[in-house]
2 protein chains.
Amino acid sequence: MKRRKRATAPQKRNADATRAKILQAALDEFSERGLPAASTDDIADRCGVNKRMIYYYFGSKEGLYLAALESVFERFVALEREIDVEHLEPAAAIEAMIDLKIDYYVENPHFVSFLAMENFYKARHLRKSKKLHMFKTPLTEVIARILKRGQSSGQFRQDVDPVDFYVSMCALCIMYFSNQHSLGAIFQRDMMSGANIERRRRTVVDFVLSYLQMTDGARTPAPGRKPARQAALVS
Amino acid sequence: MKRRKRATAPQKRNADATRAKILQAALDEFSERGLPAASTDDIADRCGVNKRMIYYYFGSKEGLYLAALESVFERFVALEREIDVEHLEPAAAIEAMIDLKIDYYVENPHFVSFLAMENFYKARHLRKSKKLHMFKTPLTEVIARILKRGQSSGQFRQDVDPVDFYVSMCALCIMYFSNQHSLGAIFQRDMMSGANIERRRRTVVDFVLSYLQMTDGARTPAPGRKPARQAALVS
DNA sequence: GCCCCAGTTAACTCCCCGGTTAATTAGAGG
DNA sequence: CCTCTAATTAACCGGGGAGTTAACTGGGGC
């Protein structure tokens, strides 16, 4: 009799529920303390599961970390895949994407933490992930289409590389959150107050649309612009 | 006879040299492995100094980390303090600041690492620093002056908050480097190739100047812009 | 030439933590 | 009701790493 399937009160002997509880606890622990400082004992305590279960389901601490990392990225990319802005005016579509990103960062600090952590460790684990190919953000293609629409209607400039543009948009959105603590400490501001977040949102939209709507070549070139200094660069 | 002062071959019994060697090793170790994974034994080995010396000079692993963090920030702020762009045209001055930042990030990955690490740990150590007040970047004032010049000559838009603007400029510059590994893995690009860095430099300058030179109100407002959603925000 | 202490050393302690062993039990299938 | 296995548990192990102890020494001051 498999009367109770799962989803009711998860008591004893429920593989999926146990796995899920561990994963959630890992998400919390890793994003709070970081990979090296996180302890498997604490993760087990957090979710009231025997430590051995971590090794039973995830093999090792690193295996658990990788699973947590993947789950965070999967959810993020899934959201970006859902967005539908094809029916919007190009400028409104760009704005909608910025809103999506900022809202996501506000509501999912776990993602911001994992991204920062993973970059600190040179994306060692991300690169190892078999799901890496799934993490290529679908937004670059959405952006490419929006840009094309905006360009053919004459609203947007012509010389925009979608990936490069995506990085810029992303930078304007995420850095405020990923660096909120140093910025907050140095400028003595509460970066997470509603008013400040809204101000940020407006600035980002303003920046991005200014760039896109700037007529090609209209920008005053700085006089005496020195050529790119390749010599100073590594590799 | 204090014949050899220091700076020649630093052999035995040289407090300053020992302290400096430890600090340098700490810089390397912490930025490579992170605060929790860094080991005092390894730091001692790295610079050929007895582990006890770390405790003699810095009190604890955390004390050493704080000293390293402060030294990294001090050097960064010192550089920003040195820059002189008052003689340049406003647009060229902005460009010079962007160049300064990008060059610095390219040449000082330690700074990028420490900044990311410190933010991951919610700026816990930075906030504890007695030198925190020294880390308020002098660039915001420089920026304020440049903006004023650009505004009175009619080249720049009027409604720009210096701190907000600084954050945006900084975001466009640093995120490319702080997130180089995840971006590189996902987009399969070598973010640190000379050509890609130069492309980045041009894009950032383009973004920032487009924003500043955008005539107030010239930007097409997106139709149907929904009002700011305060409700969705935390606190 | 001697004293004294800042600077240096090796050896040690203790505990935390990742991972393992082996025994135990819930419950599905026959 | 019995069996067999997936799931769960407690107890244990070994290594690494932060921090300490106490002995020692180079060299400046007198």
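What you see is a predicted model, and the numbers here were worked out from it, not measured in a lab. Numbers restart at 1 for each chain; the letters A, B, ... are given by sequence-line order, proteins then strands.
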Assign each of A:P36 and B:K51 to its nearest nucleotide of DNA chain C by heavy atoms, then name whichever residue's nucleotide is nearer the 5' end.
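Result of the comparison: B:K51.
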Report the relative orientation of the aromatic rings in A:F30 and A:F114; use parallel for angles under 30°, tilted for 30 to 60°, perpendicular for over 60°.
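A:F30 vs A:F114 ring planes: perpendicular.
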How are the rings of A:F177 and A:Y105 set to each other: parallel, tilted or perpendicular (split at 30° and 60°)?
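The rings of A:F177 and A:Y105 sit tilted, inter-plane angle from 30° to 60°.
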Between A:D103 and A:R201, does at least one N-O distance fall below 4.0 Å, as a salt bridge requires?
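Salt bridge between A:D103 and A:R201, a charged N being under 4.0 Å from a carboxylate O: yes.
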Salt bridge B:D45-B:K51, side-chain N to carboxylate O under 4.0 Å:
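Result for this pair is no, no salt bridge flagged.
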For residues 55-65 of chain A, which residues have at least one heavy atom under 4.0 Å from DNA chain D?
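Going residue by residue through residues 55-65 of chain A, the ones with a heavy atom under 4.0 Å of DNA chain D turn out to be A:Y56, A:Y57.
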All pairs passing side-chain hydrogen bond (donor to acceptor under 3.5 Å, both in side chains) where residues 65-78 of chain B contributes a residue, at least two apart:
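Listed by first then second residue: B:Y65-B:E118, B:E70-B:S129, B:S71-B:R75, B:E74-B:K131.
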Could you tell me how far apart [X] ([atom1]) and [N] ([atom2]) are, to the nearest whole angstrom?
{"X": "B:I22", "N": "C:dG7", "atom1": "CD1", "atom2": "C1'", "value": "11 Å"}
{"X": "B:R52", "N": "C:dA6", "atom1": "CZ", "atom2": "P", "value": "13 Å"}
{"X": "A:D41", "N": "C:dC15", "atom1": "CG", "atom2": "C1'", "value": "12 Å"}
{"X": "A:R33", "N": "C:dC16", "atom1": "CZ", "atom2": "C1'", "value": "11 Å"}
{"X": "A:N50", "N": "C:dG19", "atom1": "CG", "atom2": "C1'", "value": "13 Å"}
{"X": "A:I43", "N": "C:dG18", "atom1": "CD1", "atom2": "P", "value": "8 Å"}
{"X": "B:D42", "N": "D:dG16", "atom1": "CG", "atom2": "P", "value": "11 Å"}
{"X": "A:D45", "N": "D:dA10", "atom1": "CG", "atom2": "P", "value": "11 Å"}

Between the protein and nucleotides 23-26 of chain C, list the N/O to N/O atom pairs that are separated by less than 3.5 angstrom.
| from | atom 1 | to | atom 2 | distance (Å) |
| --- | --- | --- | --- | --- |
| C:dT25 | O2 | A:R13 | NH1 | 2.9 |
| C:dT25 | O2 | A:R13 | NH2 | 2.6 |
| C:dA26 | O4' | A:R13 | NE | 3.3 |
| C:dA26 | N3 | A:R13 | NH1 | 3.3 |

Within residues 57-66 of chain B or reaching into it, pairs that qualify as salt bridge (charged side-chain N to carboxylate O under 4.0 Å, His left out) - sequence neighbours excluded:
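Non-adjacent pairs meeting salt bridge (charged side-chain N to carboxylate O under 4.0 Å, His left out): B:E62-B:K128.
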Looking at B:S39, does any N or O in its side chain come under 4.0 Å of the phosphate oxygens OP1/OP2 on D:dG16?
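Result: no.
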Closer than 4.0 Å, any side-chain N/O of B:T40 to the OP1 or OP2 of D:dG17?
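Answer is no, no contact under 4.0 Å.
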Hey, does A:A44 reach any base, or is it just sugar-phosphate, or nothing, if we go heavy atoms under 4.0 Å?
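If one applies the 4.0 Å heavy-atom cut-off, A:A44 turns out to touch nothing in the nucleic acid.
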Among residues at least two apart in sequence or on other chains, which ones pass side-chain contact (heavy atoms from CB on, under 4.5 Å) with B:R46?
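side-chain contact (heavy atoms from CB on, under 4.5 Å) list for B:R46, sorted by chain: B:A25, B:D28, B:E29, B:E32.
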Listing request: all ring-ring contact (aromatic ring centres under 6.0 Å, His included) pairs with a residue in residues 33-62 of chain A, at least two apart in sequence or in separate chains.
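Applying ring-ring contact (aromatic ring centres under 6.0 Å, His included) to every pair that reaches into residues 33-62 of chain A, excluding sequence neighbours, yields nothing.
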Is there a side-chain contact between A:F76 and A:N108, using heavy atoms and a 4.5 Å cut-off?
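Side-chain contact under 4.5 Å: no.
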